[in-house]
Number of protein chains: 2
Amino acid sequence: MVKELDEKIETLPDHVGWRLWQASRAWQAEFAAAMRAAGHGWFTEARAGLLGHITRNGMRQSALIERSAISKQAIQQLLDGLEAEGIVERLPDPQDGRGKLVRYTSKGLDALRDGDRVKMEIERRYVSRIGEERFTALMGALRALAAGQAAAMDEDTGAQGEVVESK
Amino acid sequence: MVKELDEKIETLPDHVGWRLWQASRAWQAEFAAAMRAAGHGWFTEARAGLLGHITRNGMRQSALIERSAISKQAIQQLLDGLEAEGIVERLPDPQDGRGKLVRYTSKGLDALRDGDRVKMEIERRYVSRIGEERFTALMGALRALAAGQAAAMDEDTGAQGEVVESK
DNA sequence: TCCGTATAGTCAAGATACTTGACGATAATC
DNA sequence: GATTATCGTCAAGTATCTTGACTATACGGA
């Protein structure tokens with residue numbers, strides 16, 4: 001009974017959203033695995049997302065809130081964790097008694113360096129997997145998409161619009 | 001004071017991983033917003049991820065566990081939620097007293113239909129945003145990447161390898 | 001100077017989406 | 001029948017994020 005219907009079983013989807021999700025997940029899994037293998041066991045996806053916004057010179061917690069899209073409370077909790085792991089440290093801002101500066105520790109900077117290396121390795125693997133031409137096309141399309149999206153939301157919420165050309 | 005340092009502020013990253021993540025998040029946000037706007041307020045990203053694995057004919061809960069990568073407990077909890085929302089229903093499997101069949105309710109099928117419509121709309125928007133050629137290149141690269149990844153893990157853990165052509 | 005208001009960060013509580021571990025019930029195998 | 005494996009459930013804990021309430025500091029006037 002069910003058997004005949006099973007002939008028509010759907011395969012997993014094959015639209016942009018699914019493909020993007022799939023590729024994104026695969027990248028993250030590869031990156032996280034490599035980072036953990038490199039001795040950075042504290043590494044998680046959420047933390048990575050936040051670290052991507054912290055400049056190497058350190059920055060105000062409030063600036064971090066603007067740059068990343070999540071609530072200040074979430075950021076604080078993530079920072080609590082990162083601080084406990086010894087990746088970043090929080091210092092009082094000498095210019096503003098209310099503020100705090102978030103800065104990488106040397107352990108954190110080490111992790112960043114490893115992260116850069118891992119990223120390049122993965123990128124190399126990707127290129128060898130699908131060919132340079134396709135890879136370039138992929139990046140071009142993704143950048144165009146991001147630029148289009150930023151333009152589409154036009155009410156500049158910041159953060160997204162400055163992604164590409166700023167430097 | 002801080003200003004001079006800000007000249008050297010790092011921009012947001014521009015590597016594959018970041019771009020994929022960014023694009024994936026943007027797609028999901030757009031999709032979820034459209035779904036909620038279409039009256040499917042129960043819609044969340046995690047639920048979408050699971051629903052993407054449930055065929056329209058319904059399937060065994062255990063089959064669902066194999067297909068999606070997450071633990072059976074997580075699946076159960078997601079199904080609990082979906083069942084409470086009236087999107088799916090669980091019936092005893094007549095062929096196996098231990099098993100249960102997960103099936104869409106008519107409300108669930110309605111949502112799927114809306115989902116398909118929304119997906120196509122978004123895809124159309126994407127095409128008009130970056131051009132058909134680029135969009136095609138994007139899809140091609142993403143598919144190649146997925147195929148390469150499936151091949152790379154070679155120890156067929158299932159789930160990933162069978163994505164496209166399986167049947 | 002004092003006062004109102006905005007900003008920076010914290011504390012507390014709760015929701016969601018997972019995890020591992022232990023368990024009962026049914027099926028399959030020998 | 002006894003053993004072993006599979007299917008689903010229950011319970012508890014973790015990570016990540018949310019909203020709401022609060023404190024401390026800064027700033028911009030009267």
Side-chain angles (χ1 to χ4, degrees), chain A residues 21 25 28-29 32 35-36 40-54 58-85 87-103 158, chain B residues 1-2 21 24-25 28-29 32 35-36 40-54 58-85 87-103 158-159:
Chain A
W21 178 83
R25 291 295 297 259
Q28 272 159 18
M35 284 300 274
R36 277 190 287 266
H40 306 289
W42 52 270
F43 194 89
T44 71
E45 185 180 322
R47 286 171 172 178
L50 185 59
L51 290 177
H53 289 284
I54 306 177
M59 65 197 307
R60 290 282 297 275
Q61 205 166 307
S62 55
L64 200 46
I65 292 166
E66 282 179 42
R67 257 182 99 143
S68 54
I70 52 181
S71 71
K72 61 181 178 179
Q73 292 89 339
I75 286 176
Q76 189 176 0
Q77 287 168 32
L78 287 171
L79 285 177
D80 285 348
L82 287 169
E83 199 172 21
E85 298 283 352
I87 310 303
V88 301
E89 52 188 353
R90 275 185 279 198
L91 310 168
D93 184 342
Q95 258 113 51
D96 187 336
R98 299 167 299 177
K100 293 212 177 151
L101 295 173
V102 179
R103 211 175 53 178
Chain B
M1 289 241 138
V2 184
W21 178 83
S24 174
R25 291 294 299 259
Q28 273 160 17
M35 284 300 276
R36 278 192 285 265
H40 306 290
W42 51 271
F43 194 89
T44 69
E45 184 180 324
R47 286 172 171 176
L50 185 60
L51 290 176
H53 289 283
I54 305 176
M59 65 195 310
R60 290 281 298 275
Q61 206 165 305
S62 55
L64 199 46
I65 292 164
E66 280 179 45
R67 257 180 100 147
S68 54
I70 52 180
S71 70
K72 61 181 176 179
Q73 292 89 338
I75 286 176
Q76 189 176 359
Q77 287 167 33
L78 287 170
L79 286 177
D80 286 347
L82 287 169
E83 199 172 21
E85 298 284 352
I87 309 303
V88 301
E89 54 189 352
R90 274 185 280 200
L91 311 167
D93 184 343
Q95 260 114 50
D96 187 336
R98 298 167 302 176
K100 292 211 176 153
L101 295 173
V102 180
R103 212 175 50 179

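Per chain, numbering begins at 1; letters A, B, ... match sequence-line order.
- Note: CD (A:E83) to C1' (C:dG9) measures 13 Å, nearest angstrom.
- Counting non-hydrogen atoms under 4.0 angstrom, A:D96 reaches the backbone sugars and phosphates but no base.
- Applying the 4.0 Å criterion to OP1 and OP2 of C:dC18, one finds that B:S71 has every side-chain N and O outside that range.
- In this entry the distance linking CG of A:D80 with C1' of D:dT16 reads 13 Å, nearest Å.
- Of the two residues near DNA chain C, B:Q77 and A:Q61, the one whose nearest nucleotide lies more 5' is A:Q61.
- Donor-acceptor pairing under 3.5 Å, judged by distance alone, is present between the side chain of B:Q73 and the base of C:dG21.
- Distances shorter than 4.0 Å separate some side-chain N or O of B:K100 from OP1 or OP2 on D:dT9.
- Using a 4.0 Å heavy-atom distance criterion, A:A46 is classed as a sugar-phosphate-only contact.
- If you measure from atom CD of B:Q95 to atom P of D:dC7, you get 14 Å, rounded to the nearest angstrom.
- Within 6.0 Å of CZ on A:R25 lie no more than 12 heavy atoms contributed by other residues, nucleotides or ligands.
- B:R47 comes within 4.0 angstrom of no nucleic acid atom, judged by non-hydrogen atoms across all strands.
- The side chain of B:S62 contributes no N or O atom lying less than 4.0 Å from OP1 or OP2 of D:dT6.
- As rounded to whole Å, 17 Å separates atom P of D:dT6 from atom CG of B:D93.
- Rounded to a whole Å, the CG atom of A:L64 is 18 Å from the P atom of C:dT7.
- Residue B:Q76 places no side-chain N or O under 4.0 Å from the OP1 or OP2 atom of D:dG8.
- Side-chain contact between B:L101 and B:R103: absent, with no pair of heavy atoms (C-beta onward) separated by less than 4.5 Å.
- The separation between B:E85 atom CD and C:dA15 atom C1' is 14 Å, rounded to whole Å.
- Under a 3.5 Å cut-off, the side chain of A:R47 and the backbone N or O of A:W42 do form a donor-acceptor pair.
- Phosphate contact (OP1/OP2 of C:dT10, side-chain N/O of A:R90, threshold under 4.0 Å): present.
- Here the P atom of nucleotide D:dT19 and the CD1 atom of A:I65 are 14 Å apart, to the nearest Å.
- In terms of position on DNA chain D, the residue among A:G97 and A:L78 whose nearest nucleotide sits closer to the 5' end is A:L78.
- Rounding to whole angstrom units, NZ of residue A:K72 and P of C:dC11 are separated by 13 Å.
- Contact annotation: the side chain of B:D93 never approaches that of B:K100 to less than 4.5 Å [non-hydrogen atoms, C-beta and beyond].
- Of all heavy-atom pairs between B:H53 and B:M59, the closest is O-SD, 3.2 Å.
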